[in-house]
Number of protein chains: 2
Amino acid sequence: MSESASATSLSDPGAASRPRRSDATRTAILTAARERFAADGYERATIRAIAGDARIDPSMVMRYYGSKEGLFAAACAFDLRLPDLGSTPPEAVGRTLVSHFLDVWEENEVLTALLRVGVTNAAGAERMQGIVKEQLLPVVRQACPDQREAPARAALVASQILGMALTRYVLRFPYAAALSREAIVDWLAPTVQRYLTADKP
Amino acid sequence: MSESASATSLSDPGAASRPRRSDATRTAILTAARERFAADGYERATIRAIAGDARIDPSMVMRYYGSKEGLFAAACAFDLRLPDLGSTPPEAVGRTLVSHFLDVWEENEVLTALLRVGVTNAAGAERMQGIVKEQLLPVVRQACPDQREAPARAALVASQILGMALTRYVLRFPYAAALSREAIVDWLAPTVQRYLTADKP
DNA sequence: ACTGTTGGTCAACGCTTGTTGGCACCAACG
DNA sequence: CGTTGGTGCCAACAAGCGTTGACCAACAGT
């Protein structure tokens with residue numbers, strides 16, 4: 001498990017073990033796994049298909065990641081890299097957040113994989129929930145007036161952002177996919193801004 | 001249930017066939033299928049498990065619905081029964097719509113099944129898209145100022161409503177599940193109202 | 001009462017899945 | 001040199017999947 005962290009290079013805090021001969025294979029597996037999970041979800045992303053994409057034998061996946069669940073856990077470790085809302089003007093937090101989410105969603109297929117898997121897989125749903133709780137919630141706390149309302153406000157923000165991601169990147173509704181990036185930011189920013197800072201209606 | 005009537009009338013429009021001896025079994029299969037699809041998604045909702053819930057043999061499912069895909073199509077035919085926005089005051093369309101969606105989502109597991117399946121199954125995604133296009137879009141047309149903007153506005157409304165359904169009923173985030181029905185309506189209604197009627201930002 | 005249709009069970013098929021253990025290779029180290 | 005341990009492929013396993021066809025039981029029409 002700690003080996004996978006070094007392989008992802010997404011999060012490698014200290015513990016730099018010297019490179020192994022199999023590192024190329026490990027990252028190839030991880031890359032292929034992310035693609036398959038993002039495209040097909042948990043059940044249909046078979047180990048055989050992932051191994052085929054990575055041009056290695058399925059048994060290698062088991063050797064390096066233990067099981068399919070272990071592979072998913074290693075492939076979907078993720079850091080949102082949310083900006084610090086304390087240092088952005090209070091009236092711009094909505095726009096900043098929406099824009100950042102669009103960036104991270106389009107540069108990286110891990111979130112798509114996470115969402116697609118989380119809908120039918122308990123481990124995926126828990127991981128997604130963990131991201132909201134440990135990465136989004138603290139940022140919401142910085143921006144909202146009453147700390148006790150932070151969980152509800154975070155839930156509202158998550159509902160709008162995940163909803164747009166769902167319709168645009170997962171279900172791929174034509175109307176949602178046709179929206180320009182600027183239009184999405186212009187429409188969603190006031191919504192998120194209100195969820196974060198407005199008085200309870 | 002009355003669902004047997006709707007099921008038969010779908011496959012047999014006009015000519016009302018007299019009740020068959022197997023109608024009880026047919027509806028038992030459909031009910032079990034909806035529950036399993038809603039709880040597990042397409043792949044993990046196996047025909048054997050559905051047949052087990054309905055206390056019949058898996059081969060009956062094949063006999064009556066042809067294949068797993070046919071069963072899903074029969075189980076997830078759905079009418080949103082959206083209200084006529086032409087006869088509601090223009091400033092209340094957001095609240096009306098959000099409230100109606102919460103009603104329909106909680107009284108019926110078909111939408112949960114549809115969303116869970118649509119994320120990993122092309123047929124499910126298309127069916128969901130069809131519902132948005134054929135049932136939500138016409139209603140949005142009634143409420144929005146410029147007809148040409150209707151598709152974009154429908155996409156925005158769908159993103160917020162499906163996002164709340166996703167986090168609350170599918171992923172079951174504790175923060176989203178903890179929101180009261182009234183709080184959701186109060187927070188989401190202005191958002192939907194704005195997506196429907198506000199000028200382009 | 002006989003017959004044809006319908007409702008239902010059972011056992012099996014071919015296939016795919018995650019997972020395992022054995023065997024060959026290659027590099028390093030004594 | 002030989003040994004050792006990491007790297008990779010291969011074949012196979014048991015289990016589960018959707019699907020099929022044979023076969024029996026109960027009803028309906030004549």
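All chains are named by letter (A, B, ...) in the order of the sequence lines, taking the proteins before the strands, and each is independently numbered beginning at 1.
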> When the axes are fitted on five pairs at both termini, how much does the helix from C:dA1-D:dT30 to C:dA24-D:dT7 curve, in 10° steps?
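Result, rounded to 10 degrees: 0°.
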> On a plain distance test, is the side chain of A:R63 in donor-acceptor contact with the base of D:dG8 below 3.5 Å?
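When only heavy-atom distances are counted, A:R63 does reach the base of D:dG8 through a donor-acceptor pair under 3.5 Å.
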> If the condition is side chain to side chain donor-acceptor pair (under 3.5 Å), which residues does B:E126 pass it with, not counting sequence neighbours?
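Scan of B:E126 (side chain to side chain donor-acceptor pair (under 3.5 Å), adjacent residues dropped) gives none.
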> Measure the CZ-CG distance between B:R34 and B:L111 for me, rounded to the nearest 0.5 Å.
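Going from the CZ atom of B:R34 to the CG atom of B:L111 covers 11.5 Å.
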> Of all the nucleotides listed (C:dG8, C:dG7, C:dG18), which has the minimum atom distance to the side chain of B:T25?
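Nucleotide nearest to B:T25's side chain: C:dG8.
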> List for me each residue that meets side chain to side chain donor-acceptor pair (under 3.5 Å) alongside A:D57, sequence neighbours excluded, and say none if there are none.
A:S59
> Would B:R26 pass as a cation-pi partner of B:Y64, given that its NZ or CZ must be under 6.0 Å from the six-membered ring centre and within 45 degrees of the axis?
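Yes, a cation-pi geometry holds between B:R26 and B:Y64.
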> Mapping A:E43 and A:R21 onto DNA chain C by nearest heavy atom, which one lands closer to the 5' end?
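On the 5' side of the pair lies A:E43.
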> Could you state the CE-C1' distance from B:M62 to D:dT19, rounded to the nearest angstrom?
5 Å
> Please work out if B:S59 contacts a base, only the sugar-phosphate, or nothing of the nucleic acid, heavy-atom cut-off 4.0 Å.
base
> Determine whether the side chains of B:E106 and B:Y169 contain a donor N or O and an acceptor N or O closer than 3.5 Å.
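Checked: B:E106/B:Y169 side chains pair up, N/O donor to acceptor below 3.5 Å.
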> If you take atom types as modelled and just measure distance, does the side chain of A:R48 reach the base of C:dG18 with a donor-acceptor pair under 3.5 Å?
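A donor-acceptor contact between them is present.
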